[in-house]
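The block underneath contains the structure these notes are about, expressed in structure tokens.
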Amino acid sequence: MSYYLALIGTQDNPVYEAEFGTFKQGGDGSSKFSTEMRELNPFIIHSSLDIVEDLQWVKNSMYLKVIDNFYGYYISAYVSPTNVKFLLLHEVKSEESIKQFFFELNDLYVKTLLNPFYNVNNVIKSTSFDLKVKGLAKKYL
Amino acid sequence: MAPHNNDLILPSYSTAADKNSEVYDPTLGPQKLDQITASLVTTTSATSTPNPGQNFPSSSAASKKASIYDKNLNRRIPEVNLASLSFLFQEIVSWSHQNSKGIQQLENKLNILGYSIGPKVLELCYLRENQTNGNLKKTLKKDIRIIEILQFIHSVIWKSLFGKTADELEKSQDVDNEFMIIDNDPLISQFISVPRDLKQLNCCAFVAGVIEGLLDSAYFQANVTAHNVPKDGYPLRTIYLVKFDKSVTEREMIRFG
């Protein structure tokens with residue numbers, strides 16, 4: 001099973017993205033997307049942004065669950081209080097663990113945001129952040 | 001070295017052919033780029049005159065050290081010393097005063113300084129609100145109505161910033177999109193003595209900026225100003241006037257009207 005994660009800023013700009021696979025069922029943590037699919041991932045994620053922008057004013061929850069699907073791939077969304085969108089492309093539904101994953105990711109994002117040298121919508125390039133996200137993915141997905 | 005655009009992430013460029021180029025690869029994350037820049041830094045510093053103060057730590061050394069991501073955001077008492085805060089704020093005010101031509105400009109400067117703090121406070125408070133003793137709440141709450149977010153500011157945000165809730169939250173009687181948050185004894189201007197010729201000045205413009213930044217980032221676009229309205233026993237009583245954008249009230253009407 002493979003996952004594609006993207007953090008989208010308030011101007012619909014990509015802030016961070018990552019691709020990883022599951023460690024469960026003997027997986028080695030690397031993604032198994034085909035080349036065509038890998039090219040499509042950012043498009044699929046971006047095309048679901050309209051749905052996010054509609055739903056975020058309907059549900060009073062940060063976690064919007066599965067909002068869209070694309071030929072067997074699901075897209076789960078989470079909107080942080082400052083409207084940074086966390087989007088995850090995945091193959092299997094598991095609401096509770098994705099919720100945990102998103103919340104911990106929000107925790108990491110806040111730590112980045114609290115850095116006085118980081119401004120909203122800046123691209124996150126920190127290796128420690130990347131490492132922590134991969135760690136979370138291993139723990140929950 | 002070929003110039004590359006740091007603002008763009010272009011995953012579709014990261015095919016096997018250009019694995020060695022300096023393009024962001026989502027399967028590897030930002031490591032590769034950092035390693036390249038780290039190696040660039042070490043090679044350039046080796047050729048130039050050695051300057052220990054300017055050496056960046058290599059990526060391996062950085063990963064061993066504890067980063068900001070290892071720290072816990074839920075410390076028991078997130079407090080800072082009032083004396084040092086007041087001293088810092090007093091310096092900010094006098095510095096802004098020297099660099100501005102009038103009250104309006106000074107208040108504007110303070111407002112702008114507060115503005116960038118808003119989103120950070122908002123994110124942090126929601127994060128803390130949505131968990132109890134390290135466990136997630138069932139629904140991760142987010143406020144989507146005007147009145148809800150104002151109550152959140154009045155209670156939660158005020159408590160985390162100033163250690164108490166704001167004194168009153170009122171809606172303007174005449175205008176639909178105006179609200180007032182009232183603080184009888186604002187913490188931040190407690191130790192600011194305003195000279196007579198600047199009588200109109202209210203240093204809580206800084207706090208108004210925080211609220212404005214916070215509301216803007218939560219998509220409740222608003223204009224926030226601070227006004228002196230002294231009352232018996234409360235000479236520093238401040239009213240924060242929150243004036244929401246037309247689009248916000250319109251959205252409220254469509255969604256909940």
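A note on names: the letters A, B, ... follow the listed sequences, proteins ahead of strands, and every chain is numbered from 1.
Residue A:F33: no heavy atom, backbone or side chain, is found under 4.5 Å from chain B. B:F220 touches chain A through its side chain: at least one heavy atom from C-beta onward sits under 4.5 Å away, while N, CA, C and O do not. In this structure, the portions of A:D54 lying under 4.5 Å from any heavy atom of chain B include both its backbone and its side chain. A:Q100 touches chain B through backbone and side chain together, each having a heavy atom under 4.5 Å away. A:Y78 touches chain B through its side chain: at least one heavy atom from C-beta onward sits under 4.5 Å away, while N, CA, C and O do not. Within the 4.5 angstrom heavy-atom criterion, no atom of A:S30 approaches chain B. With a 4.5 Å cut-off on non-hydrogen atoms, A:Y118 touches chain B through its backbone but not through its side chain. With a 4.5 angstrom heavy-atom cutoff, A:V79 touches chain B via backbone and side-chain atoms both.
In this structure, CZ on B:R251 lies 3.5 Å from CH2 on A:W57, to the nearest 0.5 angstrom. Atoms CD and CD, on A:E104 and B:Q131 in that order, are 8.0 Å from each other to the nearest 0.5 Å. Put simply, OG on A:S80 and CG on B:L140 are 12.0 Å apart, with the number rounded to the nearest 0.5 Å.
Side chains of B:Y69 and A:L131 form no contact here, defined as non-hydrogen atoms less than 4.5 Å apart. Contact check for B:N130 versus A:N106: no side-chain heavy atoms found under the 4.5 Å cut-off. Side-chain contact between A:T10 and B:Y219 is present, with at least one heavy-atom pair separated by less than 4.5 Å.
Options A:G21, A:P81, A:P116 differ in how many heavy-atom pairs under 4.5 Å they form with chain B, and the most are formed by A:P81. Most heavy-atom pairs under 4.5 Å with chain B, from the set A:N122, A:V84, A:N119, A:V110: that is A:V110. When each of B:T139, B:L136, B:I68 is checked for heavy-atom pairs under 4.5 Å with chain A, B:L136 comes out on top. Per-residue counts of heavy-atom pairs under 4.5 Å with chain B were compared for A:N41, A:L5, A:L40, A:T112; the largest is that of A:T112. Interface remark: of the candidates A:L108, A:V133, A:D107, A:D107 forms the most heavy-atom pairs closer than 4.5 Å to chain B. Residue with the most contacts toward chain B among A:L114, A:V120, A:N13: A:L114 (heavy-atom pairs, distance under 4.5 Å). Your options are B:V121, B:L124, B:I149, and the one with the most heavy-atom pairs under 4.5 Å with chain A is B:L124.
The main-chain N or O of A:K59 is never found under 3.5 Å from a side-chain atom of B:K142 such that the two would form a donor-acceptor pair. No donor-acceptor pair under 3.5 Å is formed between the side chain of A:N60 and the backbone N or O of B:K141. Judged by distance alone, with hydrogens and angles left aside, the side-chain atoms of B:K120 form a donor-acceptor pair with the main-chain N or O of A:L113 at under 3.5 Å. Checked by atom type and distance alone, the side chain of A:K111 never pairs as donor or acceptor with a backbone atom of B:L73 at under 3.5 Å.
For A:K24, the NZ atom sits in a packed shell: over 12 heavy atoms of surrounding residues, nucleotides or ligands are nearer than 6.0 Å. Taking a 6.0 Å sphere around NZ of B:K171, one finds it holds more than 12 heavy atoms contributed by other residues, nucleotides or ligands. Other residues, nucleotides and ligands place more than 12 heavy atoms under 6.0 Å from the CG atom of A:N115. Around CZ of B:F256, the count of heavy atoms belonging to other residues, nucleotides or ligands within 6.0 Å exceeds 12.
Among the residues in residues 155-166 of chain B, none has a non-hydrogen atom closer than 4.5 angstrom to a non-hydrogen atom of chain A. When the heavy atoms of residues 62-72 of chain A are compared with those of chain B, the residues falling under 4.5 Å are A:M62, A:Y63, listed by number.
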